Amino acid sequence: MTESYRPGELEPAIREFWEAHDLDRAESGGGERFYCLSMFPYPSGKLHMGHMRNYTISDVISRYHRMQGHRVLQPMGWDAFGLPAENAAMANGVPPAKWTRDNIEHMRGQLQQLGFAIDWERELATCDPSYYRWNQWFFLRLLERGIAYKKTGTVNWDPVDQTVLANEQVIDGKGWRTGAPVEKREIPMYYLRITDYADELLESLDTLDGWPERVRTMQANWIGKSEGAEIAFACGLDTIKVFTTRPDTLMGATFMAVAAEHPLARQAAEGNPELAAFIAECQTGGVSEADIATQEKKGMDTGLKAVHPITGDELPVWVANYVLMAYGEGAIMAVPGHDERDFEFALKYGLPIRQVVSLPEGGEYDDRQWHDDYAVKGGHLVNSGRFDGLSWSEGFDAIVAELEKRGAGHARTQFRLRDWGISRQRYWGCPIPIIHCPDCGDVPVPDEDLPVVLPEELVPDGSGNPLNHCADFLDTPCPKCGAAAKRETDTMDTFVDSSWYFLRYTGPDNDRAMVDERADQWMPVDQYIGGIEHAILHLLYARFWTKLMRDEGLVQVDEPFKRLLTQGMVLAETYYREDESGRKTWYNPADVAVQRDGKGGINSAVLEADGQPVEPGGIEKMAKSKNNGVDPQALVDTYGADTVRLFSMFAAPPEQSLEWSEAGVEGAWRFLKRLHAGVQSHVAEGVLPGRRPDELGPAARELRTRLHETIGKVGDDMGRRQTFNTAIAAIMEFCNELQRFEADDEAARLLIQEAWESVVRLIAPVTPHLAEALWRDLGQDGSVFEGGWPRVDESALERAAVTVVVQVNGKVRGRVEVAPGADRDSVQAAAMADDNVVRHVEDKTVRKVILVPDKLLNIVVG
RNA sequence: GCCGGGGUGGCGGAACUGGUAGACGCGCCGGACUCAAAAUCCGGUUGCCGAAAGGCAGUGCGGGUUCGAUUCCCGCUCCCGGCACCA
């Protein structure tokens with residue numbers, strides 16, 4: 001009588017065993033160090049499927065490396081500051097600190113139930129003063145070095161709540177709570193000079209060969225290095241400076257456009273109420289680039305004239321809403337002939353459009369209809385006076401040289417990347433350690449007074465930062481002169497917190513330094529895993545911060561993350577009902593019963609609670625707004641952690657989005673039951689640990705070949721390719737073969753023992769609890785994670801014959817068995833013994849025969 | 001709008017360097033076991049034609065390169081991620 005698989009009993013017992021043997025500690029064990037890091041979670045309340053997936057990937061990689069004999073660090077912490085805690089506080093009246101810490105408690109318990117080999121002694125939370133004091137300390141160093149500086153920046157302003165809004169809180173140009181049209185407002189903020197590092201951040205992308213190409217491309221485009229020219233246009237007594245990537249088109253500049261915030265626009269508006277009104281109109285709406293880039297292009301003539309630096313022509317100066325103050329100089333020379341946005345604007349306002357570069361592919365230029373060819377770099381200059389006939393690149397150089405001669409411009413490199421504004425007008429964040437003194441100005445908090453501790457009992461109400469009304473925090477003597485002064489109430493962008501947490505994990509207990517020598521021992525992170533949505537901002541800031549810490553002499557690494565895996569999103573079906581006013585109520589998929597037709601399509605969906613129908617709303621990213629988050633906890637309770645882990649690794653490759661499916665979880669559960677039963681039935685006949693078979697019959701030899709092919713494939717999939725879905729598929733496939741195999745002698749039983757020992761080790765990174773239990777059932781001592789990774793026996797891979805596919809004109813017509821390495825003529829001869837092949841070849845002339853050795857033969861006839 | 005990625009059976013996906021399209025799993029169909037059901041086990045399952053052998057079509061759409069294209073190239077389309085204050 002064999003035991004059945006009961007994860008509810010098995011899993012906690014196995015976790016106790018791990019804990020008793022200290023298996024999850026990074027410092028335990030020997031071997032090379034391997035730092036496996038997952039993006040730490042925001043403690044939003046409950047673990048969601050995205051977390052589950054992220055940490056399972058990380059755990060599979062960690063355990064795989066542990067089995068390779070490495071000393072693995074897999075830490076965990078909490079990205080604990082941020083907006084959702086303030087929103088929860090407004091909704092429930094609970095201070096963000098309490099809400100956050102309660103969530104951490106709950107989520108830590110959930111993570112522990114999933115059996116992740118996390119070194120919990122290194123746990124950290126960014127809202128703890130012991131962590132954020134080092135944000136403050138380092139900020140002061142950056143201030144000393146001139147990397148941190150103060151200037152104004154544009155924010156979304158809700159005129160009713162009198163508060164700054166995050167981009168997320170601006171919906172269709174209106175405040176999310178008040179519905180009031182949002183305004184742009186200029187306020188003073190602290191910035192970090194990330195642009196000083198733009199070149200290095202761009203160039204060292206080339207060294208990151210363990211990163212996905214798409215992430216490197218996105219970062220390179222974000223940094224956006226472009227070679228061009230800075231050109232000065234005289235405008236009365238002022239000068240309008242512009243940057244252009246196409247100085248070769250200078251002779252086609254027909255007007256100038258400046259941002260609404262540009263000083264010249266302001267100046268021109270003083271005597272021009274119509275223009276002032278237009279500029280005010282430009283001040284409405286959100287500040288996000290997506291909003292600005294999609295809004296209708298609008299502009300107004302300022303009446304000012306700029307002088308073309310070469311022709312001396314007067315160009316009208318317009319204010320245009322598509323010119324960004326934050327990019328370049330806040331002004332452009334408009335070349336409608338060769339820039340799509342300028343073209344569209346010129347067409348709308350009847351401004352001249354002039355072709356100055358011929359089309360590279362020839363063809364007619366039509367100034368009523370834009371074609372993408374007009375912006376292509378190529379062709380030669382036309383309508384450009386003495387520059388006519390030069391190629392576009394010769395024209396580029398000649399015009400820049402001419403501008404330099406006249407003192408009106410020079411070649412320049414421009415980055416799209418802007419300096420990083422880190423000030424947030426919010427309570428639940430790391431206080432910026434500055435004191436404002438009426439006499440001394442902005443005074444840095446002295447190091448010995450750090451940390452500036454955030455009061456934790458405040459409850460924000462939506463109308464601004466409660467720190468502004470908290471006298472205990474606000475009032476403090478000036479460190480310089482001792483006079484009454486006020487603390488800065490802005491807090492830091494939470495991206496600051498997440499830009500160096502991976503360094504703190506290496507020495508979280510150090511209360512005298514930000515990091516110590518242990519950082520250099522563990523860094524760089526060997527494997528980083530996180531959502532693709534972080535491909536640009538977080539990863540760029542973390543790279544930047546690492547370089548800042550390097551330049552401060554705190555660490556030696558240039559780049560923090562050697563290898564990066566960007567996991568896809570977790571998606572789920574959405575369901576809703578619409579009321580008369582068109583307002584949608586979203587229902588959680590777990591509460592909806594779906595009837596499917598015979599072919600698998602959805603017939604009907606009803607809410608289980610009332611049996612009434614709900615509408616399917618499509619498959620979307622699991623999110624609160626659509627109420628389609630599936631709680632992993634319920635699944636863990638039903639099936640155990642191993643089943644949920646197995647499904648989430650099996651359902652899709654890690655980089656792709658994953659559609660949640662309860663039915664798929666059932667499949668994973670069935671496989672584990674079969675695996676358990678298979679091992680048990682072998683064990684029931686007696687275990688034979690450590691012995692290997694020799695003399696095997698043909699069927700057994702084939703099974704052993706398949707076993708060692710599987711070991712090779714799974715190792716490659718888990719290590720090099722990181723396609724855990726195909727690794728699991730290969731294990732399942734082999735198990736199917738193994739369970740069909742019947743042992744008829746001692747050697748075959750030894751093979752079955754070898755096979756189960758190998759299967760258990762191959763699956764161990766994915767389903768660690770079950771694997772650990774089965775390892776012991778197979779008569780092994782100690783932990784499966786200390787038992788090593790199975791080795792491929794090369795001699796088992798040799799086969800007597802291979803199957804070669806035979807094609808005629810590219811269509812499969814047969815298969816032949818030949819000796820490995822058989823040459824073209826002998827494979828062709830074998831193929832001509834196949835009736836079906838002969839039928840397609842006879843009566844025709846063989847024109848060509850192509851052999852892909854051991855795989856395919858294509859006979860081309862005609 | 002700009003940058004990046006994706007689209008393959010009823011569904012999730014596989015096919016790694018241009019070489020058998022659909023591995024593995026789900027679902028469905030049939031069968032075994034059972035008084036019955038569940039669980040489990042066995043078989044089938046891209047579509048069309050065919051009793052079968054086999055044939056034809058087929059990887060979002062339109063074209064191209066090649067003996068051979070899911071894979072490479074050109075054009076389109078739809079979906080997803082990011083766009084600097086969501087994290």
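Naming: A, B, ... by sequence-line order, numbering from 1 per chain. Please read these numbers as outputs of a predicted model, since none were measured by experiment.
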Using the [atom1] atom on both, measure [N] against [M] and round to a whole Å.
{"N": "U34(B)", "M": "G44(B)", "atom1": "C1'", "result": "23 Å"}
{"N": "G18(B)", "M": "A69(B)", "atom1": "C1'", "result": "7 Å"}
{"N": "A84(B)", "M": "C79(B)", "atom1": "C1'", "result": "25 Å"}
{"N": "G25(B)", "M": "G43(B)", "atom1": "P", "result": "12 Å"}
{"N": "U59(B)", "M": "A52(B)", "atom1": "C1'", "result": "29 Å"}
{"N": "C28(B)", "M": "G10(B)", "atom1": "C1'", "result": "8 Å"}
{"N": "C33(B)", "M": "C42(B)", "atom1": "P", "result": "15 Å"}
{"N": "G7(B)", "M": "G58(B)", "atom1": "C1'", "result": "16 Å"}

Does a side-chain N or O from [X] land closer than 4.0 Å to OP1 or OP2 of [N], or not?
{"X": "Gln656(A)", "N": "U8(B)", "result": "no"}
{"X": "His538(A)", "N": "A84(B)", "result": "no"}
{"X": "Lys673(A)", "N": "U40(B)", "result": "yes"}
{"X": "Lys848(A)", "N": "C67(B)", "result": "yes"}

Toward the 5' end of RNA chain B, by each residue's nearest nucleotide, Asn736(A) or Lys713(A): Lys713(A)

First of Thr294(A) and Phe81(A) reached from the 5' end of RNA chain B, by closest nucleotide: Thr294(A)

Where the side chain of [X] is defined as all heavy atoms beyond and including C-beta, which of [options] is the nearest nucleotide?
{"X": "Asp716(A)", "options": "G19(B), G25(B), C16(B)", "answer": "C16(B)"}
{"X": "Ile536(A)", "options": "G82(B), G27(B), C85(B)", "answer": "G82(B)"}
{"X": "Ala651(A)", "options": "U40(B), G12(B), A84(B)", "answer": "G12(B)"}
{"X": "Thr726(A)", "options": "C86(B), A14(B), G1(B)", "answer": "A14(B)"}
{"X": "Leu537(A)", "options": "G4(B), A84(B), U20(B)", "answer": "A84(B)"}
{"X": "Arg813(A)", "options": "C56(B), A87(B), A21(B)", "answer": "C56(B)"}
{"X": "Ala729(A)", "options": "C67(B), C24(B), G13(B)", "answer": "C24(B)"}
{"X": "Lys811(A)", "options": "C67(B), C56(B), G25(B)", "answer": "C56(B)"}
{"X": "Asn836(A)", "options": "G54(B), C83(B), C85(B)", "answer": "G54(B)"}
{"X": "Arg721(A)", "options": "U20(B), C67(B), A15(B)", "answer": "A15(B)"}

What integer distance in Å separates [X]:[atom1] from [N]:[atom2]?
{"X": "Glu533(A)", "N": "C80(B)", "atom1": "CD", "atom2": "C1'", "value": "12 Å"}
{"X": "Met39(A)", "N": "G81(B)", "atom1": "CE", "atom2": "P", "value": "17 Å"}
{"X": "Asn809(A)", "N": "U66(B)", "atom1": "CG", "atom2": "C1'", "value": "13 Å"}
{"X": "Met649(A)", "N": "C26(B)", "atom1": "CE", "atom2": "C1'", "value": "18 Å"}
{"X": "Asn725(A)", "N": "C24(B)", "atom1": "CG", "atom2": "C1'", "value": "9 Å"}
{"X": "Asn54(A)", "N": "A87(B)", "atom1": "CG", "atom2": "C1'", "value": "13 Å"}
{"X": "Arg418(A)", "N": "C2(B)", "atom1": "CZ", "atom2": "P", "value": "18 Å"}
{"X": "Leu675(A)", "N": "U40(B)", "atom1": "CG", "atom2": "C1'", "value": "16 Å"}

base_contact_polar ([N] base, [X] side chain, donor-acceptor, <3.5 Å):
{"X": "Arg720(A)", "N": "C16(B)", "value": "yes"}
{"X": "Asn221(A)", "N": "C3(B)", "value": "no"}
{"X": "Gln169(A)", "N": "C86(B)", "value": "no"}
{"X": "Arg670(A)", "N": "U40(B)", "value": "no"}

Approximate separation, where rounding is to 0.5 Å, of Thr723(A) OG1 and Met718(A) CE: 9.5 Å

Chi-based syn or anti call at G9(B), which uses purine or pyrimidine torsion atoms and a 90° bound: syn

Would you call the rings of [X] and [Y] parallel, tilted or perpendicular, taking 30° and 60° as the class edges?
{"X": "Trp545(A)", "Y": "Trp420(A)", "answer": "perpendicular"}
{"X": "His48(A)", "Y": "His51(A)", "answer": "parallel"}
{"X": "Tyr197(A)", "Y": "Phe544(A)", "answer": "perpendicular"}

Is a salt bridge present between [X] and [Y], judged by a nitrogen-to-oxygen distance below 4.0 Å?
{"X": "Glu344(A)", "Y": "Arg341(A)", "result": "no"}
{"X": "Glu86(A)", "Y": "Arg424(A)", "result": "no"}
{"X": "Arg706(A)", "Y": "Glu709(A)", "result": "yes"}
{"X": "Glu296(A)", "Y": "Lys348(A)", "result": "yes"}

Polar side chain donor-acceptor pair, Thr195(A) to Asp419(A), under 3.5 angstrom: yes

Asp717(A)-Thr726(A) side chain donor-acceptor pair, cut-off 3.5 Å: yes

Base-pair map of RNA chain B as dot-bracket, where | denotes pairing with a different strand and pairs are Watson-Crick or G-U under 3.5 Å: (((((((..(((......[....)))((((((.......))))))((((....))))..(((((..]....))))))))))))....

Worked verdict on Trp500(A) versus Asn135(A) for side-chain hydrogen bond (donor to acceptor under 3.5 Å, both in side chains): CA-CA 9 Å; Trp500(A) 69 282; Asn135(A) 284 359; 2.7 Å; yes

Sugar-phosphate only, base, or nothing, as touched by Gln425(A) at under 4.0 Å among non-hydrogen atoms: base

